[in-house]
Amino acid sequence: MASVEIVAVGTELLLGQLVDTNTAFIAQHLAEAGIDVHATHAVGDNRDRIAATIRAVIERAEGAITTGGLGPTIDDLTKEAVCDALDLGVELYEPALDQMQRMFAAIGRPMRGNNRKQAELPRGSLPLDNPNGTAPGFIAFRSDGKFVVSMPGVPREMKPMLVERVVPFLRERLGARETICTRVLHTIGLGESEVDHRIDELFRLSENPKIAILAHDFRVDVKIMAKATSVEAAQALIAPAQDEIERRLEGNIFGRDAATPASAINELLGAGGLKVALAESFTGGRIAAALTSVPGSSRNFVGGVVAYDNSVKIAQLGVKADTIAATGAVSAETAMQMAHGARVRFGADVALATTGIAGPDGGTADKPVGLAWFALDQGEAPTQTWRFELSGEREAIQQRATTIGLGILWRHLNRSIQQ
Ligand code: ATP
């Protein structure tokens, strides 16, 4: 099947000032739509170099997909470069001009000549309306039928245009008969080698669906990808593999696809009608930030305290000064009292506490940098504690501890709600 190549435009990309998430998004969606991408490119805001890149791409491939450089400013040169590469002039696209005039009237600002430039498209091209911005995208054609799809660089504008207009166009144009569907199962609490061990032969033997393991810090995802002529057929290939993997990893899969540990926790809290509180020391509120990022979390997350200084642990959570003096702030006993204090004082059903040494300073021989204690208090049952020694720089230690804390909470809720 004919292929396409992606061209991301922007000098910021070449200077390392901007991470090219657009290319990743486009590549992922085209792969899922069964459209072959044989190369990706990044090029600066230079008309000749953009045109040369496009010319080279459409010598090899059926089409080029560009993002960026469609705006009104002097360094937005993609349209001009496409015209150069395809040997086309421009023509005014009235609906884009109307939309722009209405938008400028609504905000009470005069429209400049350079805005009008945005409503001009390469002659004979197919416009791609941009309800989320001013610059329309377009699909321009060379006389032999090869094409260039150009979309804005702003991800919020590019994404709906790609999904709603460009992918259907490409599937039709390139005769893509196959589609790829992906299911991701997110696990927590198991190491990569353990996941690998449990599903090893499945993923070695399976060609379609293909199974892959992706390890993050203290989280492992299992990706199941199937290729078929329809979404339904691809999903039918995924289903038995998914059932088998879910059986083998039971108790550790917190969610599928877009789920996050926090969204899974929020669902369990909702299902169990439970409220949670936090007492965070060295995670500095990161667990609270994760929980509150989920819409509707106010129903189940009561609140938390960042009890960094010992005086706050004592005054706000009722940790005993004697305990800190005897065992230190980073200890099972302190963590237990922090969790207990948070649960009782915040009127929650369950509370999680973290205390640890994020470094780079503050470590000793028996309490090294990376030492972390977690405690979970749930009222009747005895308070549970966990000890970890985490490696890495300060930020990595804090991030890992956050994942571990969320994992502890999820596993506890998952077990208690299933009982
Ligand atoms: P518009 O005219 O709608 O503003 P544009 O096509 O002119 O869009 P650019 O000026 O190239 O877009 O980029 C605008 C912003 O979009 C960039 O500052 C950046 O924040 C984001 N952006 C551009 N290209 C990319 C990319 N490849 N990946 C992620 N973000 C990008």
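Sequential numbering from 1 along the given sequence is applied to the chain's residues. Both ligands and their constituent atoms are indexed starting at 1 by order of listing.
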Worksheet item: Should Thr21 be listed as contacting ligand 1, given a heavy-atom distance under 4.0 Å as the test?
Response: yes
Worksheet item: In a check of salt bridge (Lys or Arg N to Asp or Glu O under 4.0 Å) between Asp84 and each of Arg55, Arg47, Arg49, Lys79, which one passes?
Response: Arg47
Discussion item. Pair Lys227, Glu207 - check salt bridge (Lys or Arg N to Asp or Glu O under 4.0 Å), show working.
Written reply: CA-CA 10 Å; Lys227 214 181 217 189; Glu207 265 305 311; over 6 Å; no
Worksheet item: atom 17 (C) of ligand 1: which protein heavy atom is closest, and how many Å away?
Response: Glu12 OE1, 3.9 Å
Discussion item. List ligand 1 atoms under 4.0 Å from Ala135, heavy atoms only on the residue side.
Written reply: 2 (O)
Fill in: Spacing of CG belonging to Asp45 relative to OG1 belonging to Thr11, to within rounding of 0.5 Å
3.5 Å
Worksheet item: With a 4.0 Å heavy-atom cut-off (strictly under), which part of Asp76 contacts ligand 1: side chain, backbone, both or neither?
Response: side chain
Fill in: Donor on one side chain, acceptor on other, Asn130 and Glu157, under 3.5 Å
yes
Response to the item:
of all protein heavy atoms, closest to atom 14 (C) of ligand 1 is Val154 CG2, 3.8 Å
Worksheet item: In ligand 1, which numbered atoms sit nearer than 4.0 Å to a non-hydrogen atom of Leu70?
Response: 2 (O), 5 (P), 6 (O), 7 (O)
Worksheet item: Just heavy atoms, cut-off under 4.0 Å: does Pro152 contact ligand 1 by side chain, backbone, both, or neither?
Response: both
Practice prompt. List for me each residue that meets ring-ring contact (aromatic ring centres under 6.0 Å, His included) alongside Phe169, sequence neighbours excluded, and say none if there are none.
Written response: Phe147
Discussion item. Among all the protein's non-hydrogen atoms, which is closest to atom 3 (O) of ligand 1, and how far away is it?
Written reply: Glu157 OE1, 2.5 Å
Practice prompt. Quick one: look up the protein heavy atom nearest atom 7 (O) of ligand 1 and list residue, atom name and how far away it is.
Written response: Gly71 N, 2.8 Å
Worksheet item: Does Glu91 come within less than 4.0 Å of Arg123, counting only side-chain N to carboxylate O?
Response: yes
Practice prompt. Tell me which protein heavy atom sits closest to atom 13 (O) of ligand 1, plus the residue, atom name and distance to 0.1 Å.
Written response: Gly153 CA, 4.3 Å
Worksheet item: Which residue pairs satisfy the side-chain hydrogen bond (donor to acceptor under 3.5 Å, both in side chains) criterion with at least one member in residues 135-148, sequence neighbours excluded?
Response: Glu59-Arg142, Arg142-Asp144
Worksheet item: Quick one: nearest non-hydrogen protein atom to atom 19 (C) of ligand 1, plus distance?
Response: Leu18 CD2, 3.8 Å
Worksheet item: Of Leu190, Leu185, Ile213, which meets side-chain contact (heavy atoms from CB on, under 4.5 Å) against Val220?
Response: Ile213
Worksheet item: What do you reckon, does Asn22 have a nitrogen or oxygen under 3.5 Å from a nitrogen or oxygen of ligand 1?
Response: yes
Worksheet item: Could a heavy atom of Gly69 be found less than 4.0 Å from some atom of ligand 1?
Response: yes
Worksheet entry | Heavy atom of the protein closest to atom 27 (N) of ligand 1 (residue, atom name, distance) | Asp20 OD1, 2.7 Å
Worksheet item: When the ring planes of Phe218 and Phe388 are compared, do they come out parallel, tilted or perpendicular, using 30° and 60° as the limits?
Response: perpendicular
Worksheet item: Is the CZ atom of Arg116 crowded by more than 12 outside heavy atoms at less than 6.0 Å?
Response: no
Worksheet item: Just which atoms of ligand 1 are under 4.0 Å from any heavy atom in Val19?
Response: 28 (N), 29 (C)
Worksheet item: So, Arg219 and Asp221, do they make that salt bridge, N to O below 4.0 Å?
Response: yes
Practice prompt. Please write down residue, atom name and distance for the protein heavy atom closest to atom 30 (N) of ligand 1.
Written response: Pro155 CG, 3.8 Å
Worksheet entry | ligand 1 contact by Asp75, heavy-atom criterion under 4.0 angstrom | no
